[in-house]
Amino acid sequence: MSYLKATNELYREAALTPDVGLCCTTNPIWQLPGLTVPKIMQEMNYGCGSTVNAQDLAGNPKILYVGVGGGMELLQFAYFARQPGGVIGVDVVDEMLEASRANFQVAAAENSWFDPRFVELVKGDALNLPVADESVDVAAQNCLFNIFKEEDLRLAVAEMYRVLKPRGRLVMSDPVCDTPLSQTLRNDDRLRALCLSGSIPVNDYIRVLTNAGFGTIEVRARRLYRVLSPNHYPVDRLIPIESIEVAAIKDPMPEDGPCVFTGKTAIYYGNQKVYDDGKGHVLVQNQPLAVCDKTAAALALENAEIHVSDSTWHYTGGGCC
């Protein structure tokens with residue numbers, strides 16, 4: 001059995017019999033006026049973070065969500081895109097699509113604003129999306145792409161890039177792991193399907209996105225997700241796995257490479273009122289400025305009176321690149 005077939009079987013079972021906490025931690029349940037998330041959707045919440053962020057959803061965007069789960073994030077996206085077909089949900093597992101479709105009827109009974117027609121459910125493969133080129137503003141996936149092996153991961157990200165409009169955003173939440181994992185773990189199809197053994201290092205994860213052409217990367221959150229311990233898994237030491245939330249923006253690639261924001265901040269503390277590096281970066285004395293990693297490195301080398309923080313792995317916008 002291939003690892004993709006094993007994954008499909010696992011989530012077919014999870015669609016037929018909801019498994020609370022199957023592989024992931026609980027997503028944030030958005031507390032928004034008039035939004036009620038049905039209990040069944042919470043029980044079928046198979047994500048490891050959140051891909052729903054108001055800053056991505058202004059202007060009535062067209063949204064694609066791959067790997068529908070129980071429909072919770074589709075409902076949350078529909079809250080912002082209240083139009084027929086405003087949200088497209090794609091999944092390869094028939095039973096998961098049917099479960100989500102049934103859950104939307106429950107959601108409609110509990111939310112007067114929601115119409116199931118706001119979400120179009122489509123059978124399809126993340127490696128060959130049934131979506132037209134440059135047709136969506138926001139594409140999202142939660143705790144799915146970490147399952148893919150390297151070649152398939154590159155293909156899945158390339159497909160997301162293809163369907164996004166220029167300046168569109170790919171918003172993802174996935175487990176990552178900076179500790180090398182043995183081939184025994186990586187080749188265990190069920191552990192991979194459970195979002196445990198397919199995790200790759202953060203820098204490799206970001207590199208897959210930039211290699212696909214995304215010019216700007218925002219790391220919005222990073223937190224502990226699971227541990228692989230010797231008493232439960234074939235490991236000889238404790239291995240932490242983290243959950244990361246990332247937005248990859250389909251900006252043109254800068255000549256000097258991608259802008260990757262990992263939560264670094266620069267502060268100029270010299271005697272002048274401002275420091276201008278002549279490259280578009282102006283720092284007001286003793287005022288924090290969010291900067292991308294390459295700008296942080298350049299500023300630290302150019303001026304000894306600039307303090308640059310370590311990565312906080314939390315970025316909420318603003319600053320410069």
Side-chain angles (χ1 to χ4, degrees), residues 49-51 53-59 61 134 137-140 154 157-158 160-162 164-174 176-178 200-223 242-321:
S50 179
T51 62
N53 195 310
Q55 67 180 312
D56 303 322
L57 301 173
E134 298 187 355
D137 301 285
V138 176
R154 290 198 302 267
V157 171
M160 293 292 225
Y161 187 90
R162 174 183 67 81
L164 279 169
K165 297 176 184 178
R167 310 281 180 185
R169 299 182 175 211
L170 169 57
V171 188
M172 313 206 298
S173 179
D174 266 318
V176 293
C177 182
D178 286 333
I200 61 176
V202 172
N203 288 338
D204 291 349
Y205 188 91
I206 292 172
R207 192 175 300 113
V208 170
L209 297 172
T210 57
N211 285 347
F214 289 100
T216 302
I217 309 296
E218 300 178 354
V219 180
R220 295 176 171 176
R222 182 177 178 180
R223 60 180 69 88
E242 296 173 294
S243 170
I244 192 170
E245 295 176 14
V246 173
I249 303 172
K250 195 176 179 178
D251 287 335
M253 183 65 68
E255 291 184 4
D256 59 348
C259 299
V260 180
F261 290 87
T262 62
K264 289 182 182 289
T265 298
I267 295 182
Y268 168 64
Y269 58 88
N271 294 324
Q272 303 300 315
K273 290 185 177 180
V274 299
Y275 172 75
D276 185 343
D277 72 349
K279 302 173 185 175
H281 310 119
V282 179
L283 285 78
V284 178
Q285 185 193 67
N286 211 29
Q287 295 297 309
L289 180 68
V291 291
C292 75
D293 288 9
K294 67 181 180 184
T295 296
L299 290 173
L301 288 174
E302 290 170 8
N303 192 318
E305 295 180 318
I306 293 178
H307 172 74
V308 177
S309 74
D310 294 333
S311 296
T312 63
W313 305 104
H314 179 80
Y315 175 75
T316 55
C320 65
C321 188

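For the numbers below, each heavy atom of this structure counts, side chains included, while hydrogens, waters and symmetry mates do not.
Taking each heavy atom of Met160 and Ala140 in turn, the nearest pair found is CE-O, 3.5 Å. Scanning all heavy atoms of the two residues, the minimum distance from Ile217 to Ala248 falls at CD1-CB, 3.7 Å. Here the closest heavy-atom approach between residue Gly49 and residue Arg223 is recorded as CA-NH1, 4.4 Å. The shortest non-hydrogen separation linking Val138 to Pro61 is CG2-CB, 4.5 Å. Smallest separation of non-hydrogen atoms from Ala266 and Leu283: CB-CD2, 3.8 Å. What you find for Ser243 and Ser173 is that their closest heavy atoms are OG-OG, 3.8 Å.
The side-chain hydrogen bond (donor to acceptor under 3.5 Å, both in side chains) analysis of residues 248-272, with sequence neighbours excluded, yields the pairs Arg167-Asp251, Thr216-Asp251, Asp256-Lys294, Thr262-Asp293, Thr262-Ser311.
In this structure, Val219 and Ile206 have side chains that are in contact, with non-hydrogen atoms separated by less than 4.5 Å. Side-chain contact between Ile267 and Asn286 is present, with heavy atoms from C-beta onward closer than 4.5 Å. By the 4.5 Å heavy-atom criterion applied to side chains, Val246 and Phe214 are not counted as neighbours. Between Val260 and Cys292 there is no side-chain heavy-atom pair separated by less than 4.5 Å.
For Cys259, the disulfide bond (SG atoms under 2.5 Å apart) partners are Cys321, not counting sequence neighbours.
Using bins of under 30°, 30° to 60° and over 60° for the plane-to-plane angle, the ring pair Tyr315/Phe261 lands in the parallel bin.
The backbone N or O of Ala221 lies less than 3.5 Å from no partner atom in the side chain of His314, so there is not a single donor-acceptor pair. Using a distance-only test at 3.5 Å, with no hydrogens or angles considered, no donor-acceptor pair links the side chain of Glu134 to the main chain of Pro166.
For the side-chain contact (heavy atoms from CB on, under 4.5 Å) with Glu218, the lone residue among Asn53, Ile249, Val171, Thr316 that qualifies is Ile249.
To the nearest 0.5 Å, the span separating NE2 on His281 from CG on Leu289 amounts to 8.0 Å. A distance of 10.5 Å separates CG of Asp137 from CZ of Arg169, quoted to the nearest 0.5 Å.
Residues Glu242 and Arg222 are paired through a salt bridge, judged by an N-O separation under 4.0 Å between the basic side chain and the carboxylate.
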Donor-acceptor pairs are to be reported for all side-chain atoms of residues 295-308 against protein atoms at under 3.5 Å, with residues two or more places apart or in another chain.
from	atom 1	to	atom 2	distance (Å)
Glu302	OE2	Lys279	NZ	2.9
Asn303	OD1	Glu305	N	2.7

